[in-house]
Structures are given as C-alpha cells and as structure tokens.
Amino acid sequence: MDVSYILDDLNDAQRDAVTADSTGTLVLAGAGSGKTRVLVHRIAWKIKVEGLSAYSILAVTFTNKAAREMRGRIEALLDGNVNHGMWVGTFHGLAHRLLKAHAREAGLPDNFQILDSDDQLRQLKRIHRELELDDTRWPPRQSQYFINGHKDEGRRSAHIDDFGGDHYLSTMLKVYRRYEEVCRQQGVIDFAELLLRALELWRDNPAILDHYQQRFKHVLVDEFQDTNAVQYAWLRLLTSKGMAMTAVGDDDQSIYGWRGARIENIQQFSKDIPNTQIVRLEQNYRSTGTILKAANALIANNSQRMGKELWTKGEDGDKIALFAAFNEQDEARFVTDRIDELLRDDYRRSDIGVLYRSNAQSRVLEEYLIRAGVPYRIYGGQRFYDRLEIKNALAYLRIIALRDDDTAIERVINTPTRGIGNRTVEILREYARQHQLSLWRSAVAIIENGMLPARAGNALRSFLSLIEDLSAQCQDLPLDEQVSITIDKSGLIAFHEKEKGEKAQARVENLQELITAARGYSSEDEEAEPLRAFLDQAALDAGDQQADEHEDSVQLMTLHSAKGLEFPAVFIVGVEENLFPHKMSMEDPERLEEERRLAYVGITRAEQKLYLSYAESRRLHGQESFNSLSRFVREIPNELIDEVRINNTVTRPSSYAQSTTTSQQAAAASIGFGLGQRVLHSIFGAGVVISFEGQGASARVQVNFEDEGSKWLVLQYANLQLL
DNA sequence: CTAGCCACACTTTTT
DNA sequence: GTGTGGCTAG
C-alpha cells in the first residue's frame with residue numbers, strides 16, 4: 001500500500017512527530033509550524049501504517065472549531081469512512097458524552113442539564129441573596145471565580161480548609177456548599193463540573209474506566225499548554241495502563257493561566273510518562289524573518305521555557321512599523337490610513353487583523369473605520385448562543401422539553417413582562433425550597449392552594465397555560481417550526497420588536513437566525529430527541545458560525561481571540577505600559593510573563609506586515625492617562641523596527657524619557673511631573689515617574705522606585721520631591 | 001409590579 | 001462610553 005502521501009510534504013521534524021513510536025510524544029509546536037497538520041497526519045499514520053483501528057483513537061481539543069477542523073482534515077486526508085468510530089471532540093463535549101452514557105454511575109439524573117456561566121452567575125446571585133450577603137462586599141462574580149477556580153483544580157467544598165474559620169474562606173465555602181446543593185437538587189452541572197464529574201466517574205468506577213482503557217489505544221491532545229489540573233488528571237487516568245498519548249502544544253503560547261490552564265503540565269508530561277519523545281517544530285511557514293526575530297527576542301525574556309527558536313527559509317521582509325500616536329484618535333487614524341494603503345496595494349480586507357489587549361479599545365477604531373467606509377468584523381465578542389434574546393428563546397424551549405428546569409423558568413417567567421413580579425417569584429422559590437419541589441411544580445401547587453392574590457395568581461396561571469399550549473402545539477413538529485412557534489407565541493419577538501434602538505432589530509434578526517440554525521441542525525446521534533439534542537449542543541457550542549458575516553471585512557479582535565489565526569497584515573494597537581502589559585498583571589512576575597506570551601502570540605499572527613502603535617495620551621473609561629511605550633516593544637531589537645514619522649512626531653522607542661507632545665507637556669505641567677522625571681518619596685525612596693493619569697485632586701502617578709518596585713500614588717498625598 | 005433614573009465599575013474567554 | 005443593578009415614584 002502506498003502511504004507516501006502521509007509523509008510527503010512534511011519536514012524532518014514533522015516527520016519525526018508523525019512517526020514517533022514512543023508511549024508519550026510531546027510535540028512542541030511553534031506558531032505557524034504546521035501543528036494541526038502533524039496531528040492529522042499522525043492519526044493517518046497510526047491507522048494506515050501501524051494498523052490501529054480508528055475506533056481506538058481519541059482526539060481532544062479545547063474548542064468546537066478546532067474539533068471540527070480536525071475532523072474535516074482527517075476526512076480529507078483519509079477516505080471519508082475510515083474515521084468512523086473515532087472520538088474527536090472538546091474536553092467538555094467528550095465529558096458530556098461520557099456522563100450521558102453513564103449518568104447513573106456519575107450520580108446524575110438522566111436528563112441533567114448544563115449550566116452555562118451566565119446561568120451559573122444568576123444562580124449564585126440568588127444564593128447570595130438567600131444567604132443575605134451584601135453584594136458590594138461579596139460580589140457574586142467573586143464566588144463564581146472561587147468555585148470555578150477550585151473545581152478546575154479538582155477541589156469540592158469538602159476538600160477546602162477554612163483555616164479555623166477565616167472569614168473570607170468560610171463565607172466562600174458557605175456559598176460553595178449551598179451552590180453544590182442547589183445544583184444537585186436541580187440536576188444541573190456547570191462547565192467545570194462536567195470535567196470533574198467525568199474524572200470522578202472513571203476514578204470511582206473501575207469497570208467503566210477499564211472499558212475505555214481497553215478501547216482507546218492512542219490519545220491525542222491539542223493545545224496541551226491550556227489543560228487544567230482536572231483535564232490532565234483525566235488524561236492520565238485514561239492512559240495509566242501504558243496507552244500512548246500525543247500532546248501537542250506550545251508553552252510560549254500559554255495565555256490562559258487565569259482560567260486554570262497549567263503551563264507546568266507540559267513539563268510534567270515527560271516526567272510522568274516514561275519513554276517520552278520530545279519533538280520541536282521550529283520551522284515556521286507563516287511569517288517573515290524579521291517578524292520571527294522579533295518574536296524570538298521578545299519571548300527570550302521569559303524564564304522557565306522549554307526552549308524553542310522559530311526560523312524560516314523565507315525572506316526577512318519589511319521592518320516592523322512603530323507609530324507613536326498623539327492620542328487614541330490619532331492612533332485610530334493611523335490604523336485606518338494604513339489600512340487604506342494596504343487595500344490600494346491589493347490586500348483584501350480579510351487579510352488585515354487589528355489586535356488589542358482589551359475590548360474597550362475597539363470603539364475608537366470602529367468609529368474611524370466607519371468614517372473611512374471600511375467594513376470590519378469584530379471577532380469573538382458575544383457568542384451567538386450567549387445573546388440575551390437567544391438565551392430567552394432557548395429557556396422557553398428548555399421548559400417545553402422539561403418543566404422542572406428552574407434555571408429556565410427563572411429566566412423567562414416574566415420575560416416579556418406579564419405581571420409576575422419579584423414578590424410572586426419569591427413566594428414560588430420559598431415554596432419550592434420548603435417542599436423540595438421544582439419551581440414549575442410549586443407554581444402548580446400554589447395556584448391550586450389559592451395562595452396568591454387574584455392578580456398575581458392569574459398572571460402565573462396564564463404563564464403555565466402558555467407553556468402547556470406551546471408544548472401541545474410543538475408536539476411532533478420539525479425542530480425549526482417548534483422554535484418558530486415558540487419565539488412567536490411566547491411574545492419574545494413582539495417584545496424585542498418594540499424595544500428601542502438599533503439593537504431591537506438585531507435581536508429580532510438573531511431570533512430568526514435561531515430558526516435557521518434549528519433548520520440546519522441535525523444530530524449525530526439519531527436516537528436522541530431532536531429538541532433535547534439541539535439544546536445540549538447550544539449549551540456546549542458557542543455557535544460562532546451563525547454570527548459569521550460573509551462580506552470581506554477587516555478583522556478586529558483581542559489578542560486572546562487572535563490565537564490560532566493568521567493575517568498577512570497585523571496591527572497591534574495600544575502597546576503601552578499599563579495597557580499591554582495590563583496594569584492588573586504587572587505586579588506578579590508570572591502574570592507578566594503571560595502578558596509577554598500574549599505579545600508573542602500577537603506578533604506571530606503576522607505573515608508579512610506588522611504595525612505596532614501606542615498613544616502618548618489615551619482616554620479609556622472616561623479617564624485620560626499617559627503611559628510610556630510598552631516594555632515588550634523595547635525588548636524587540638531596534639534594527640527590526642522602523643519608526644513611523646508623521647506630523648513631526650518623533651519618538652525614541654528605547655527609553656522612557658521620550659520626546660513629549662504638547663498635550664502631554666500640558667498635562668505634565670498641570671500636575672508638575674513628566675514621564676521619566678526622577679522623584680524622591682519620604683518612605684519609598686528614589687524612583688522614576690513612568691506614567692500618570694487624572695487631574696487635580698484625583699491625579700495619580702506611577703513611580704518605579706529603585707528599591708520598592710512600581711507603585712501608584714495619589715499626587716495630593718504623596719509629597720514627592722523632584723530630583 | 002413597572003419604568004425610569006442614577007451610581008458604579010471596567011482584562012483577557014471557552015466550554 | 002456603556003452596560004448593569006439597585007432604588008424610588010407612580
């Protein structure tokens with residue numbers, strides 16, 4: 001059999017990775033080095049050459065998009081049917097599949113529902129109210145972060161020590177315990193729970209684990225640097241009897257530490273698995289030599305790397321353009337002007353990516369792009385199935401599928417408003433709590449008992465019959481008609497139509513789009529009831545296909561969402577201290593390194609042209625601030641950078657003390673300090689002013705002290721002396 | 001119970 | 001600048 005097509009067109013390192021015969025194979029795949037290709041070809045190699053059955057292969061990714069792409073490419077490389085029986089999916093999707101198959105053993109009801117982060121937060125808000133916690137002192141978001149953080153590490157409330165009643169910990173624990181209880185009662189599980197339960201399912205049921213261990217002989221993991229503790233433990237458990245595992249990842253592109261990703265898992269891998277072969281993919285097929293040199297130089301400032309240096313056979317290409325903007329408007333103008341120039345040079349709009357650190361930065365860019373008549377698309381942002389109107393529609397469908405879905409009832413019992421106010425819902429909740437019933441059953445009981453005032457009772461009764469009517473009408477109809485009837489009869493369409501503003505129309509359109517999505521939906525699992533399957537899929541898939549627009553447009557996105565993408569021309573805007581690296585991440589060296597990896601991700605998105613820009617003065621959240629050029633730019637060798645000179649603005653990127661512009665000078669004069677000014681503080685000693693913001697009494701300066709590191713000081717109280 | 005007003009906060013995001 | 005949530009008047 002001719003299998004040369006599997007290895008042709010691969011470089012030596014890629015071939016090593018594809019054909020490696022070790023128990024553990026760790027592929028350190030640099031940006032643009034053909035990572036997915038290696039994964040797909042390795043699967044083909046295992047099947048076609050080593051004779052492994054597709055049935056015994058498990059491939060795990062983080063996003064549905066990556067899973068889809070992998071499946072598509074496997075099909076393209078092998079003939080369509082060969083991959084039948086192969087498990088390819090996201091961690092969460094596979095966990096869901098396992099739990100559906102073994103719900104009882106996992107301690108879950110057969111019809112358990114997934115609680116997405118939005119519903120989780122709403123639930124926590126309710127718990128906070130129930131426990132009479134003051135929202136300002138105890139923000140529900142914090143509880144959410146606390147709970148998810150611990151679950152990502154595999155800890156349930158019972159595993160956490162409150163150190164003898166520490167106030168913060170014991171309060172958080174109280175919330176965590178109550179949350180676990182409510183979830184159990186309602187038969188819902190959140191995203192972190194999905195993974196944790198799947199792990200416990202295997203850990204506590206040796207027979208089930210054994211079944212999957214017999215089956216999966218080779219496990220492949222994509223974006224391995226993003227795995228958290230539970231995901232890694234799950235993989236280890238599955239492969240603990242010496243099955244092969246291939247992990248593909250890049251420690252330099254680990255940017256999700258804040259949501260539980262453990263970069264250490266990469267180092268751990270070769271320690272845990274005897275006979276691990278490490279393959280480095282360093283040849284880059286994406287970017288010019290200049291861009292790669294910049295990326296290499298930047299990332300070399302991080303400690304504790306596995307070590308890797310990108311190179312290309314291609315040309316050095318253009319230098320990196322650096323523009324010092326006067327303010328964020330000037331920066332946006334620079335970006336739009338250059339985009340115009342690129343478009344004149346026959347770049348397509350979709351060839352251009354504009355990346356920023358935080359979402360708030362997109363507004364000004366959008367204004368200027370609109371003014372210049374350049375179509376753009378904001379990539380990422382709110383997902384289709386997360387939109388308010390879509391979640392409302394799905395809530396109705398969920399109630400139709402299962403009356404006892406409390407989360408869904410809470411969401412739409414008074415949306416659109418129908419006279420069921422807080423008081424009535426409170427009575428319902430109380431009744432439900434006391435009698436251990438779902439909200440739906442409580443509502444039925446309360447009406448029968450006549451426990452409500454006439455008006456509220458009528459309102460509630462009409463809600464119940466609305467659902468019953470809807471349910472009866474939807475019986476046996478095709479999925480899209482069920483959706484169509486539901487959004488119409490529930491009054492959601494009318495509700496959103498009469499909302500004011502442009503948003504109203506978009507919301508109605510999204511609801512129409514949901515019908516289209518339902519029409520196009522077909523479950524892989526033909527046994528499952530279509531509505532149920534559709535709802536599960538909606539919970540696990542962001543549905544960004546729906547949000548796709550097809551007009552050729554410039555792509556705007558955060559640096560995080562740019563990971564995995566590439567563009568012939570890339571702009572990275574706002575390369576300023578305090579913004580990028582973000583001020584929330586500057587104190588902690590590990591988080592600073594993660595910011596640097598984010599910069600590395602950004603730079604390596606560019607194929608040919610890279611533009612960096614920063615603003616000497618920036619208005620963000622209504623506050624004006626003055627920041628210096630990002631340290632990340634200063635870590636790029638000078639000879640790779642071309643300073644753009646426009647309007648007599650000349651900048652020297654390599655030092656803090658830059659030429660100042662009039663506005664900065666004026667602001668500096670008004671508070672008495674400029675960037676680079678040496679000052680003396682009575683306690684902290686000598687330091688240098690590295691940025692400042694605000695005016696008058698609220699003016700603050702950031703000083704980098706020689707001994708104490710950098711601190712923000714309120715000017716009024718700091719008593720700084722000029723040196 | 002609802003609507004309208006004001007205060008407040010605000011990194012990054014997938015499932 | 002924008003969205004969310006709490007409070008108050010009708």
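The shown structure was predicted, so the numbers you read here are calculated from the model rather than taken from an experiment. Every chain is numbered from 1, with letters handed out A, B, ... down the list of sequences.
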Is there any protein nitrogen or oxygen under 3.5 Å from a nitrogen or oxygen in nucleotides 2-4 of chain C, and what are the pairs?
from, atom 1, to, atom 2, distance (Å)
C:dG3, OP1, A:Lys503, NZ, 3.1

Please list, for nucleotides 5-8 of chain B, all pairs of protein and nucleotide N/O atoms separated by less than 3.5 Å.
none

Within the sub-3.5 Å range, which N or O atoms of nucleotides 6-10 of chain C have a protein N or O partner, and how far apart are they?
from, atom 1, to, atom 2, distance (Å)
C:dG6, OP1, A:Asp135, OD2, 3.2

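Among residues two or more places apart in sequence or in another chain, the ring pair (Phe, Tyr, Trp, His ring centres under 6.0 Å) test is passed with A:Tyr176 by none. A search for ring pair (Phe, Tyr, Trp, His ring centres under 6.0 Å) contacts involving A:Tyr600 returns nothing, not counting sequence neighbours. For A:Asp118, the salt bridge (Lys or Arg N to Asp or Glu O under 4.0 Å) partners are A:Lys391, A:Arg411, not counting sequence neighbours. A:Glu389 is linked by a salt bridge (Lys or Arg N to Asp or Glu O under 4.0 Å) to A:Arg507, counting only residues two or more places apart in sequence or in another chain. Applying the ring pair (Phe, Tyr, Trp, His ring centres under 6.0 Å) test to A:Phe146 and every residue at least two apart in sequence or in another chain returns A:His150. Partners of A:Phe463 under the ring pair (Phe, Tyr, Trp, His ring centres under 6.0 Å) rule, at least two apart in sequence or in another chain, do not exist in this structure. Every residue two or more places apart in sequence or in another chain that forms a side chain to side chain contact (heavy atoms under 4.5 Å, CB included) with A:Glu153 is listed here: A:Arg155, A:Ala229, A:Arg262.
Distance from the side chain of A:His621 is smallest to B:dC10 among B:dC10, B:dT12, B:dT15.
Comparing A:Leu540 and A:Asn359 along DNA chain B, the residue whose closest nucleotide (by nearest heavy atom) sits nearer the 5' end is A:Asn359.
The separation between A:Asn64 atom CG and B:dT13 atom C1' is 14 Å, rounded to whole Å.
Counting any heavy atom pair closer than 4.0 Å across all strands shown, A:Arg619 reaches no nucleic acid atom.
Not a single donor-acceptor pair, N or O on each side, falls under 3.5 Å between the base of B:dT11 and the side chain of A:Thr558.
Within residues 589-603 of chain A, the residues having any heavy atom closer than 4.0 Å to DNA chain B are, in order of number, A:Arg591. The stretch residues 228-237 of chain A has no heavy atom under 4.0 angstrom from DNA chain B at all.
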